[in-house]
Amino acid sequence: MARICRLMEKTWERSEVNQRAEVLASFLASRPRYSTDAVARKTLTHKLEIVRESLEDDSLDVARRCLEDLEDEAAEWADHPHYPAAPRAHEADAQVRDYVKDELRSRLSTKQRGDRDVLRGSIEYTRRRLLFNTPNLTMFDRLDVHYISGRALMALDLSHLYMAGRERERLREIAKRYEA
């Protein structure tokens, strides 16, 4: 479990740096200096490539230094209406989560992707059966079904099959209470 947490933490950190670097590089590429000057554009492209390569090689410090360079360059246009200011915490998490999902998905084997899809179908089926075919479902159990389903699907998004399976079992326990 500790190994999975370390992997998730590293993946999250890499995704944060990657996401911010891509946003800044895109903004800078739209500025006149980079859109008209081939040397400046090549330098910008090179910095983004360094970030990506460093992240692939697990050289987070190198990637962060390049990101700081991009931040410094972009600061020149901080008063521009389209300047990509650093997002608030919840916005950053939402943006980075998409990068994390993509990175983790790419690391799954074909069998794991199949298992994930089967697990997702099972969770959705159990959720729908409880919410739409269980007339005497209490308000508290209905809330639990929504909450547990959300946790399970989030675990799947993050390719955490074990945790998603545990949440599916919690849904099945609720379903068993209502079986005739």
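What you see below is based on every heavy atom in this structure, not just the backbone, and it leaves out hydrogens, waters and symmetry mates. Here the structure is a predicted model, which means the values were calculated and not measured.
A donor-acceptor pair under 3.5 Å is absent between the side-chain atoms of Ser149 and the main chain of His146, judged by distance alone. In this structure a side-chain-to-backbone donor-acceptor pair under 3.5 Å is missing from Thr134 to Ala175. Judged purely by atom type and a 3.5 angstrom limit, Gln112 uses its side chain to pair as donor or acceptor with the backbone of Ser109.
In this structure Arg168 satisfies the side chain to side chain donor-acceptor pair (under 3.5 Å) test with no other residue, sequence neighbours excluded.
By the 4.5 Å heavy-atom criterion applied to side chains, Leu143 and Thr138 are not counted as neighbours. Taking the side chain as every heavy atom from C-beta outward, Phe140 and Val145 never approach each other to under 4.5 Å.
The distance from the CG atom of Leu161 to the CZ atom of Arg113 is 11.5 Å, given to the nearest 0.5 Å.
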side-chain contact (heavy atoms from CB on, under 4.5 Å) evaluation trace for Trp77 with His82 = CA-CA 9 Å; Trp77 289 283; His82 299 293; over 6 Å; no
For the pair Arg31 and Glu76, evaluate side-chain contact (heavy atoms from CB on, under 4.5 Å) and give the outcome as yes or no after the intermediate values.
-> CA-CA 11 Å; Arg31 303 297 84 224; Glu76 182 179 331; over 6 Å; no
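Its side chain outside the 4.5 Å cluster rule for every partner, Val23 clusters with none of the Ile, Leu, Val, Met, Phe, Trp and Tyr residues. With side-chain heavy atoms closer than 4.5 Å counting as contact, directly or through intermediates, Val118 stands alone and belongs to no larger hydrophobic cluster.
A continuous path of Ile, Leu, Val, Met, Phe, Trp and Tyr side chains, each step under 4.5 Å between heavy atoms, connects Phe132 with Leu130, placing both in one hydrophobic cluster.
One finds a salt bridge joining Glu169 and Arg172 here, because a Lys/Arg side-chain nitrogen approaches an Asp/Glu carboxylate oxygen to under 4.0 Å. Of the charged side-chain nitrogens involved, none lies within less than 4.0 Å of a carboxylate oxygen, so that Glu49 and Arg52 do not count as a salt-bridged pair.
Screening residues 34-43 for salt bridge (charged side-chain N to carboxylate O under 4.0 Å, His left out), with sequence neighbours left out, gives no hits. Screening residues 132-154 for salt bridge (charged side-chain N to carboxylate O under 4.0 Å, His left out), with sequence neighbours left out, gives Asp141-Arg177, Arg151-Glu167.
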Show the atom names and distances, to 0.1 Å, of all donor-acceptor pairs under 3.5 Å that link a side chain in residues 62-75 to residues at least two apart or in another chain.
residue : atom : partner : partner atom : Å
Glu71   : OE1  : Arg20   : NH2          : 3.4
Glu71   : OE2  : Arg20   : NE           : 3.0
Glu73   : OE1  : Tyr34   : OH           : 2.2
Glu73   : OE2  : Lys47   : NZ           : 2.2

